[in-house]
Amino acid sequence: MLFLRQTVRASLLAGLCWLAGFGWFIQDARQPPQTAPHADGIVALTGGTGRVETSIRLLASNPNAQLLISGVDLQTSERALLPPSLPANMAARITLGYRARSTIGNATETAAWVADHHINSLIIVTAGYHMRRAMLELGRTLPDVALIPYPVRPPAMAHPWRLSSIRLMGMEYMKWLGALVGMSRNPSHA
C-alpha cells in the first residue's frame, strides 16, 4: 500500500512538473525577438512561415554577413525561394542548403557551412516553438560560435490556446525534452 501511494504521489508530481514546464515552454515560444542583432552569419531553418523572409531582412541589416537557408526541399529552386527583387550583392551572400531533413541535420549542415565561411557569430532564425531545440542542437555542433536566437512567430501562435496549436506545442515540447536527454541524436528524425 505504501508503494502504491508513493507511486501515485511521484506520478502526480511528475505530471505537475510536466504541465508547469509546458506552460513555461508556451510562454517562452511566444516571446518576440530582441532588437535586430549583428553577426557574421545568419541561418534560417526552413519548415515554416516567415523564416526565409525574416532572414533576408536580417541579411539586409548585416551588410557583411552570410546567410544559409538550411533544409531547403530538393524540388525548390533559388528562383522559387528568393524574392525576384533581391539585389545581386545580397543574393551572392546566400547559400541554399539542401542536405538537412531534421533539426540535427540543420545543425550538421550549418556546422559545415560555418567552417567554410569562418563564422564566429550566428543568428538563428526559426519559429519560437522550435528555437529551444534548434539552439540546443546547434550549440552541440558549434560550441565555439556565439549563437543569437531570433524567433519568428508563425500564424499558429496567434491563437496559442487552439487545440491545433496546443498539439503542435506539445509535440515540440516533447521533442525538446527528448533532445535534452539525447534521445534525438539520430539525424533522420525531426
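Summarising the geometry, atom CG belonging to L81 is positioned 6.5 Å from atom OG1 belonging to T76; distances are rounded to the nearest 0.5 Å. Atom CD in Q27 sits 6.5 Å away from atom CZ in R30 (nearest 0.5 Å). In this structure, E78 CD and L96 CG are separated by 5.5 Å, a value rounded to the nearest 0.5 Å. To the nearest 0.5 Å, the span separating CD on E53 from CZ on R57 amounts to 7.5 Å. To the nearest 0.5 Å, the span separating CD1 on I69 from OG1 on T46 amounts to 8.5 Å. A distance of 5.0 Å separates CG of L59 from CD1 of I42, quoted to the nearest 0.5 Å.
Hydrophobic cluster membership differs between I148 and M131, with clusters built from Ile, Leu, Val, Met, Phe, Trp and Tyr side chains linked at under 4.5 angstrom. V125 and I56 fall within the same hydrophobic cluster, defined by Ile, Leu, Val, Met, Phe, Trp and Tyr side-chain heavy atoms under 4.5 Å apart, directly or through other members. When the side chains of ILVMFWY residues are joined at heavy-atom separations under 4.5 Å, either directly or via intervening members, L147 and V152 end up in two distinct hydrophobic clusters. Following chains of ILVMFWY side-chain contacts shorter than 4.5 Å, one cannot reach Y129 starting from L163, and the two form parts of different hydrophobic clusters. One hydrophobic cluster, built from ILVMFWY side chains closer than 4.5 Å, cannot hold both M174 and L16; they sit in different ones.
Taking all atoms of both residues into account, the shortest heavy-atom contact from E109 to G71 is OE1-N, 3.1 Å. Residues T54 and Y150 come closest through the heavy atom pair CG2-CE2, 3.5 Å. Counting all heavy atoms, side chain and backbone alike, P37 lies closest to N62 at O-ND2, 3.1 Å. Taking every heavy atom of both residues into account, S70 and V43 meet most closely at CB-CG2, 4.0 Å. When all heavy atoms are compared, the tightest approach of P151 to P32 is CG-C, 4.3 Å. A pairwise comparison of heavy atoms in R140 and A179 identifies NH2-O, 2.6 Å as the closest pair.
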* CA sep, side-chain torsions, deciding dist, call: R51, T126, side-chain contact (heavy atoms from CB on, under 4.5 Å) -> CA-CA 6 Å; R51 299 177 192 189; T126 190; 3.1 Å; yes
* **Intermediate values then yes/no, side-chain contact (heavy atoms from CB on, under 4.5 Å), T141 and T110** => CA-CA 9 Å; T141 59; T110 302; over 6 Å; no
* To do: Check the pair L13 / R9 against side-chain contact (heavy atoms from CB on, under 4.5 Å), numbers first and verdict last.
  => CA-CA 6 Å; L13 182 60; R9 283 184 187 157; over 6 Å; no
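With contacts defined as side-chain heavy-atom distances shorter than 4.5 Å, the pair R101/L74 qualifies. A heavy-atom distance below 4.5 Å is found between the side chains of T95 and H117. By the 4.5 Å heavy-atom criterion applied to side chains, I119 and L142 are not counted as neighbours. With a 4.5 Å cut-off on side-chain heavy atoms, R93 and L67 do not count as touching. Residues N106 and L138 form no side-chain contact, since every pair of their non-hydrogen atoms from C-beta on lies 4.5 Å or further apart.
Side-chain atoms of Q31 do not come within 3.5 Å of backbone N or O of G128 as any donor-acceptor pair.
In this structure, a donor-acceptor pair under 3.5 Å is absent between the side chains of T103 and E137.
Classification of the F22-F25 ring pair by plane angle, with boundaries at 30° and 60°, yields parallel. Between W24 and W176, the ring planes are tilted. Angles from 30° to 60° get that label.
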